[in-house]
Amino acid sequence: MTVRIGVIGTGMIGEEHSRRITQTLTDGEIVAVTDVNAEQAQRMADNLGLSAKVYDNGQDLIKADDVDAVLVTSWGPTHEEYVLAAIEAGKYVFCEKPLATTAEGCRNIIDAEIQAGKRMVQVGFMRRYDSGYKMMKDVIDANKLGEPLMIHAAHRNPEVPERYVTPMAIHDTLIHELDTFRWLLDDDYKSAQVIFPRKTRHAHSKVEDPQMVLLETVKGVRIDVEVFVNCQYGYDIQCSVVGEEGIANLPEPQSLQYRQAGKLSSDILQDWKKRFNDAFDVELQAFIDGVANGEIGGPSSWDGYAAAIAGDVCVKAQESGQIESIEMPERPGFYA
Ligand code: NAP
């Protein structure tokens, strides 16, 4: 079965995902596109050689009879509206992070999905599909490290634009770690604290950089994450899980080693697209296969909600400078 997909939002990641569905993955076809900027939607369709229909708005695209599933890759504040409309139309929906920009918005989606009676939503937390993180998860689940005790992690970008401000270090950047650690540890967060070390001279005036986020989980695992978005040297994701009997380190991305001019060296990636390219492929193929089989999995609306709650508390902790507690409501059996 070919899954006929409608794409809402044809900006950077909308185009990336549409390209991979069209050129790399199997069993998916982009049949409909829309963007607030209709010319951009048409341009993307032309660039990729699609014969997709360009819709005036997301709501009409969702209702179209020939759209089996929806990809929401528009601006974050529009996600809730489109995900709710897709659920109401009985269509599976892949939603880029964030699921919604507020925890309340995520809760609305959860309520609608439970009402629909089956999982309809996959959230774009692609790290769960990265081969390195999957290896770490397997090792933890097989209890090869003993009980996990600590995680040391870092999320570094070479630089960020002027519009990137302090809370975005949480909502746009740390959000991936917030989901990944819950999933790796099968645990929830209990508290968060954010510490601002000495500021780098490479950061503009509206962003505190770097930041250190300290998390504590319900099971008592302690996590420190460095978020450093003007590190200059490259895009670098580090993660080390320390257990009672061993340590698992996230593998470095494959890179050629050179021996030259008296030096042993290898290149460091410069952007997240290359770092997680394969994970994005696996993630979207899983969505397409799930739609074809009538059963989708992966990061759920509940996971989107949990990350939103933790993210909001981290922003509060940025502002207060205090340790802030994270209260997670009880998970409905629907998402067990
Ligand atoms: P982008 O380049 O700005 O693209 C977003 C597109 O959506 C733009 O073309 C925008 O049009 C359009 N749009 C805005 N409101 C809309 C509406 N009401 N209906 C239809 N289209 C609308 O942003 P992006 O970088 O692709 O990010 C899109 C989403 O993906 C964000 O939520 C972002 O957090 C997420 N993302 C996730 C990852 C990841 O690692 N998983 C990476 C990057 C981005 P205008 O430009 O005209 O406003």
Side-chain angles (χ1 to χ4, degrees), residues 6-21 30 32-45 47-48 52-64 67 70-86 93-102 105-106 109 121-130 133 155-157 160-161 163-165 167-180 183 227 229 235 237 269-284 286-287 298-299 303-304 307-308 311:
V7 179
I8 302 177
T10 56
M12 191 265 302
I13 203 145
E15 179 151 5
E16 281 279 311
H17 285 349
S18 299
R19 183 195 50 73
R20 56 173 38 92
I21 289 169
I30 310 288
V33 293
T34 187
D35 194 280
V36 274
N37 180 349
E39 277 172 26
Q40 180 166 312
Q42 185 64 61
R43 196 163 48 239
M44 183 194 86
N47 284 347
L48 296 175
K53 180 167 175 189
V54 178
Y55 282 82
D56 286 342
N57 59 71
Q59 299 292 352
D60 287 348
L61 175 146
I62 289 166
K63 285 186 209 133
V67 168
V70 180
L71 224 64
V72 178
T73 47
S74 49
W75 190 44
T78 64
H79 291 185
E80 179 187 352
E81 172 199 341
Y82 293 135
V83 173
L84 286 172
V93 52
F94 175 92
C95 180
E96 258 310 334
K97 59 89 186 161
L99 176 60
T101 47
T102 62
C106 296
I109 291 170
V121 184
Q122 181 180 328
V123 182
F125 288 132
M126 76 296 182
R127 289 198 189 179
R128 295 186 183 206
Y129 298 91
D130 174 75
Y133 277 117
H155 188 145
R156 304 192 186 110
N157 295 61
V160 288
R163 64 184 158 74
Y164 188 106
V165 291
M168 290 171 77
I170 307 297
H171 287 312
D172 277 43
T173 302
L174 184 80
I175 191 87
H176 286 292
E177 273 79 14
L178 289 174
D179 178 67
T180 306
W183 167 74
V227 179
V229 294
Y235 180 75
I237 300 299
L269 291 175
Q270 295 299 304
D271 81 51
W272 53 270
K273 280 188 228 162
K274 286 208 177 101
R275 173 64 181 84
F276 289 110
N277 187 49
D278 293 350
F280 283 122
D281 284 350
V282 182
E283 168 194 58
L284 280 175
F287 177 69
D303 298 316

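In each ligand, atom 1 is the first atom listed, and ligand 1 is the first ligand listed. Sequential numbering from 1 along the given sequence is applied to the chain's residues. These numbers come from the heavy atoms of this one structure, side chains and all, not from hydrogens, waters or symmetry mates.
Listed for the Thr73 side chain is a donor-acceptor partner under 3.5 Å among the backbone atoms of Ile8.
Annotation: ligand 1 has protein neighbours Ile8, Gly9, Gly11, Met12, Ile13, Asp35, Val36, Gln40, Thr73, Ser74, Trp75, Gly76, Thr78, His79, Tyr82, Glu96, Lys97, Pro98, Gly124, Met126, His176, Trp272, Phe280, each with a heavy atom less than 4.0 angstrom from the ligand.
Taking the six-membered ring where the residue is Trp, Trp272 and Phe280 present perpendicular rings, their angle passing 60° and hence far from 30°.
Shown here are the ring pair (Phe, Tyr, Trp, His ring centres under 6.0 Å) partners of Phe94, two or more places apart in sequence or in another chain: His17, Phe287.
Of all heavy-atom pairs between Asp172 and Lys97, the closest is O-NZ, 3.4 Å.
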Original post:
What do the steps show when you test Phe125 against Glu96 for side chain to side chain contact (heavy atoms under 4.5 Å, CB included), and what is the final call?
Top reply: CA-CA 8 Å; Phe125 288 132; Glu96 258 310 334; over 6 Å; no
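In this structure, Asp303 pairs ionically with Arg128, as a charged nitrogen and a carboxylate oxygen lie closer than 4.0 Å.
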